[in-house]
Amino acid sequence: MPETPQRELTFAEAVREALAEEMRRDPRVVILGEDVAEAGTPFKVLSGLVEEFGRARVIDTPISEAGFTGVAVGAAMTGMRPVADIMFGDFLTLTMDQIVNQAAKIHYMSGGKLKVPMVLRTTMGAARRSAAQHSQSLHVWLSHVPGLKVVLPSTPYDAKGLLKTAIRDDNPVVFIEDKMMFRMKGPVPSDDYTIPFGVADVKRVGTDVTIVATSSMVQTALGAARMLEDAGISAEVIDPRTISPLDRGTIIASVKKTSRAVVVDEGHLQYGVTAEIASMIADEAFYHLDAPVKRLGAMDVPVPFSPPLEDATVPTEEALVDVVRGLFKKT
Amino acid sequence: MPETPQRELTFAEAVREALAEEMRRDPRVVILGEDVAEAGTPFKVLSGLVEEFGRARVIDTPISEAGFTGVAVGAAMTGMRPVADIMFGDFLTLTMDQIVNQAAKIHYMSGGKLKVPMVLRTTMGAARRSAAQHSQSLHVWLSHVPGLKVVLPSTPYDAKGLLKTAIRDDNPVVFIEDKMMFRMKGPVPSDDYTIPFGVADVKRVGTDVTIVATSSMVQTALGAARMLEDAGISAEVIDPRTISPLDRGTIIASVKKTSRAVVVDEGHLQYGVTAEIASMIADEAFYHLDAPVKRLGAMDVPVPFSPPLEDATVPTEEALVDVVRGLFKKT
Amino acid sequence: MTTETRADRTDEAIDAARGLEFYSQMVHIRAFEDVVNDLYKRAAMPGLAHLYSGQEAVAVGVCQALHRDDYITSTHRGHGHCLAKGADPKLMFAELLGKEIGYCGGRGGSMHIADQETGNLGANAIVGGSTGIATGAALSAKSLGNHRVAVCFFGEGALGQGLLYEVMNLAALWTLPVIYVCENNLYNEYTHFRETTAGEILARPAAFGIRAERVDGQDVRAVYAAASALVARAREGGGPAFLECDTYRYHGHHVGDIDRAYYRSKDEEHEWMTTRDPIGRFGEWLCEQGFAAPVTLDDIRSQAATAIEAAAQFALDAPYPVAGDVWRHVYA
Amino acid sequence: MTTETRADRTDEAIDAARGLEFYSQMVHIRAFEDVVNDLYKRAAMPGLAHLYSGQEAVAVGVCQALHRDDYITSTHRGHGHCLAKGADPKLMFAELLGKEIGYCGGRGGSMHIADQETGNLGANAIVGGSTGIATGAALSAKSLGNHRVAVCFFGEGALGQGLLYEVMNLAALWTLPVIYVCENNLYNEYTHFRETTAGEILARPAAFGIRAERVDGQDVRAVYAAASALVARAREGGGPAFLECDTYRYHGHHVGDIDRAYYRSKDEEHEWMTTRDPIGRFGEWLCEQGFAAPVTLDDIRSQAATAIEAAAQFALDAPYPVAGDVWRHVYA
Ligand SMILES: Cc1ncc(C[n+]2csc(CCOP(=O)(O)OP(=O)(O)O)c2C)c(N)n1
Ligand SMILES: Cc1ncc(C[n+]2csc(CCOP(=O)(O)OP(=O)(O)O)c2C)c(N)n1
Ligand SMILES: [Mg+2]
Ligand SMILES: [Mg+2]
């Protein structure tokens, strides 16, 4: 984080600023998606962009996720740098062929000759009473696919810096924003900065336990860390920021220091992001662990609509505190 | 395995027999897919079925994976028990919305009132010189989705018994066959038997290390176990058979006995099936492990066409032996 | 394949009793949506909802042409379909409020409401997502020989989804008893359909060999007549059809969409609400025919309002599911 | 939108030199495929390949209407497109054999061959999978104002894929310079297209407002004439077009598909090969016009055979990639 006193922006504003700056810098950057122009998306993240850049660069599409993602792939191969906007991450299901069989593989299949410099921006996260088809966090699927990079910003600062990196990257990058964070405020420099991929950020320094957290779970982890502090447990919170590439070194170094680890991510638990990170820690820090590596994720149920049910499915600060405390009970 | 001397069938014949028996038993079972009728699929797995059951039950479709999967979902909700055939597992990308947002969630979203008793049969596996879009093993995606069951048979015997269970199950089941196994022979009883989901099979008993292996990797693991035996290491090989539900108990009991574990699966390594199983072992058998849990999967590259490159990407017996031996080097 | 406009087609016989039934249903849907909007404004409803007000003639005209055991699939804007197919407003409100006694035990909510008993296979929050399901239900009907018909309701926004074309091809090839009912309310969320829809809508299904018709979706008699003919044809093995209904949604895309000036004018809204309102127009016709006096219609409306209020109150009073039950129904 | 048949349309001027160029290209493609088949039978080629023999007039007629920097996307049956767009047979064979010097360093193989230098954005092993890419290339061309045109080749089997309709809608809405070339060779693998394709093919693009034409795909002059007109129209901002080419594949679906009797007759094969062969017919025309003597054509064919044999030998002799390089090119 830069040191001078800074402007505060919301997460949504930070995303918008990154897009605006990159569109000013590079005329090849265009946005494609549903209701992205005058409506500025239902989340209003893109408000104002069409006014500045016009409809030839902020392009409203039909409700054709596969179609406009495919068009973005082809445009990226031929000189543009498109940012395709998938309103809800749940709709990634419709674009998987274009992302996985096309975008992710074209560079490799062409022996390095063709490139697909595109960004797929989408959302994740539950707790909005939006039910099972508008609440998923499916990022682990994409992290499994070689050729893609997957970015999960957790603060306005990171969102701006990582999105600029994503747009400048020559590979297909999936950039996933938690809907619940759009209004979160934080310091964001007004100058042009980028954040490299594959570099985790230590969001809080601690000595007793390492909490690896992604996206909005970073905020959950920071809340839990404050509660743990009161209980005399000093938690280090590590945010990988990009889960592919994953900064294994920073995580392992932290766990070697703390000897305990919990991984938390909002995707489903089973076969989720936490499995990769936990198994990696359990392997590489094996001789340093004082307790098993624990995982916390969304419950393995379709996200229910009913508030008391939905609330039970998402990892909370309290649940995380309980898991961490559990590590200190047994010896 | 039953005890009397038995017929030998190929894996493909076992699959066909399961389908034929279930179609005879239950008129609601129909097959939908591309070139499934007279052609019997490019792998000839379904040869002869249209002759017995007719074109109203073995239904050739256009090249519309999403479309006929969606039709299968609707048919399943209204009294049929369709088996949809997706020729290559790589084409799951096209059906994800119908499988994940529809089939998997309908029972839950309807509060248990609607059911989707369908089977999605598809293939996995590389090493056929088919390149990046016809060689993937994407089963981890589906294992991450609550509401789906995911079956990976490794022998003709298991294929028949598990497929019959899948067809009789009231949930959407994804049944994935490794293309490289279709000609593999093994004993298959001619009578009607089923194999329950969520029950792992100990394919080989051993004392020094547990190898958890899926699909064709079970054969690789058995080969490696024979090689390890020569080196004085007794490997137990566990085949979960269904990765969702996963039989955690059998795996953990084995590791508690052997104190060492390796997990091998043909999906990509990063965020793959092995991550879930390894992290689960590292957690639940933490106090019993003498070495870190190791993982082996397909290399994290799009599957290359060129033979020497493709061969480098798939886990082999030799690679598995090396990993296991590595566990005995350090203390 | 013929593509034709049926707006001025003569009715299937609608007698007084039938006419009052149509009227009552439309009025109940309108009252239901008014209360949903009110619940939202009072922060008594979790999440958002997409109101059907203005489009009532489509759901009622089509569902009146169906049997109880015929199937429908619905959309995010599905309350009207659900009510018209025969669901109980009490259990619907309970679902919208996430209550255990709701149609889906509160698990589904507004965008996933389903009622198996009346053949409603469910609302769907994926635009176009239910087109395969409806087509599959039609395949079942044909395979099982039970003479049912499936109706797939969707907004014109779903014309952007490739799945629709895949399943229309299947339905045509296999002569399935499915009717694709396209409710063209002019907007895909906040974008006019002309900006998202090239060529001619009816030419699309027609190209697949599907009978395609267009009807004034604000005229319940016209919708009913067109739907009755297409449903009868499908039931007799005549195959799939596509019915475009011109209509309009009175509220925002969802209850929270209040400032709409940037995508549609107040004048346009006013025009549709005053000159083409399906309830008003049909009420006039009922009176003209001597099937009802204005006061009868007033009574129907006020009774509906009372009944719907009571249904909402029932739901407000009902208990939530217990959190421990969150695991139930993941698997059958 | 007009849909018309162009089979009998008069040619764009084809002079002797041009005519011999067309002939030579078709002959090279045929020779290339014969050698591929032979390599397969000798077990000298890894995997399978889908031969283009019989369809040469489509690739040549269309690509002759393009500039070198125009784009094409191709399919699993893509050797003909690749050659017609200007690729070098040596480097193509090397790719098919998985050699480092191949167009894609051996990483792609037959189903993914691409040649950026000639605007070939790649074969694609997902049926319909490149329709978005071609449309996106056309969007680039329009956005960058470079006057390029994109051609999307696909088999009639891709008509089953929803993606095609999604992107045709986009292309029409945005007036993109893209030509969808549907090679209707009657079969989707082992199933006749009539069993998989409802309605009228040309009516589908036409419904999206896309100019749609049909041409005899065995007549290279007709294909060239139709493609030239549509390409010129697209280049001038006239928007997308769809060209259905009636054609036939002489070999099996892939090199291993030998027993075909269960899905098509020997008679049918014989009929197409003898009465409609694109090379034979065009050769006759060249002679009739006095553009070539039969012996000239014989020479072209034998020279092509020799050149192609040599190209294959070059590839056979070339080294494989080293296994350690398997990690290269995952990321740019
Ligand atoms: C596949 C998919 N894409 C986008 C959305 C977000 N979305 C919800 S409703 C809607 C507009 C639907 O328009 P239309 O089909 O005309 O129905 P209407 O809302 O007008 O009834 C959109 C884009 C979605 N739910 N599903
Ligand atoms: C999405 C998808 N589904 C199925 C296949 C398997 N497949 C390969 S080629 C083919 C038939 C293609 O037919 P067509 O498009 O007419 O091309 P042709 O082979 O006749 O040139 C099929 C079904 C595939 N590659 N991709
Ligand atoms: Mg609409
Ligand atoms: Mg074909």
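In what follows, chains are A, B, ... by sequence order, proteins preceding strands, each numbered from 1.
- Ranking D/His254, D/Met111, D/Glu100, D/His112 against chain B, the residue ahead of the rest is D/His112, based on heavy-atom pairs under 4.5 Å.
- Within the 4.5 angstrom heavy-atom criterion, no atom of D/Leu164 approaches chain B.
- Pairing each heavy atom of B/Leu309 with each of D/Val326, the nearest pair is O-CG2, 3.8 Å.
- Within 6.0 Å of CD1 on D/Ile101 lie no more than 12 heavy atoms contributed by other residues, nucleotides or ligands.
- Contact count against chain B (heavy-atom pairs under 4.5 Å) is highest for D/Trp327 among D/Trp327, D/Tyr320, D/Tyr263.
- The number of heavy atoms from other shown groups lying within 6.0 Å of CG (D/Asp259) does not exceed 12.
- Taking a 6.0 Å sphere around CD of B/Glu318, one finds it holds more than 12 heavy atoms contributed by other residues, nucleotides or ligands.
- Highest contact tally toward chain B, considering only D/Gly102, D/Gly106, D/Gly47, is held by D/Gly106 [criterion: heavy-atom pairs under 4.5 Å].
- Heavy-atom pairs under 4.5 Å with chain B peak, among D/Gly162, D/Ala158, D/Pro321, at D/Pro321.
- Contacts with chain B (heavy atom to heavy atom, under 4.5 Å) involve these residues of residues 123-135 of chain D, listed by number: D/Asn124, D/Ala125, D/Ile126, D/Val127.
- When heavy atoms are compared at a cutoff of 4.5 Å, B/Pro308 approaches chain D by way of both its backbone and its side chain.
- Among B/Asp311, B/Val303, B/Asp300, B/Thr313, the residue with the largest count of heavy-atom pairs under 4.5 Å with chain D is B/Asp300.
- Within a 6.0 Å radius of CD in D/Glu200, other residues, nucleotides and ligands contribute 12 heavy atoms or fewer.
- Between B/Asp35 atom CG and D/Asn188 atom CG the span is 7.5 Å, to the nearest 0.5 Å.
- The choice from B/Ala66, B/Pro307, B/Ala312 that makes the most heavy-atom pairs within less than 4.5 Å of chain D is B/Pro307.
- Here the side chains of B/Gln133 and D/His76 are not in contact, with every heavy-atom distance at 4.5 Å or above.
- Expressed to the nearest 0.5 Å, how far CZ of B/Phe305 lies from OG of D/Ser110 amounts to 7.5 Å.
- Of all residues spanning residues 57-65 of chain B, those with a heavy atom less than 4.5 Å away from chain D's heavy atoms are B/Asp60, B/Thr61, B/Pro62, B/Ile63, B/Ser64, B/Glu65, arranged by number.
- Contacts of residues 118-131 of chain B with chain D at a heavy-atom distance below 4.5 Å involve B/Arg128, B/Arg129, B/Ser130, B/Ala131, listed in sequence order.
- Here D/Ala315 pairs with D/Phe93, D/Ala94, D/Leu97 under the side-chain contact (heavy atoms from CB on, under 4.5 Å) rule; sequence neighbours left out.
- Under 4.0 Å is where a charged nitrogen must lie from a carboxylate oxygen, and between D/Arg107 and B/Glu310 no such pair does.
- Proximity of D/Gln161 to B/Leu94: side-chain heavy atoms (C-beta onward) are separated by under 4.5 Å at one or more points.
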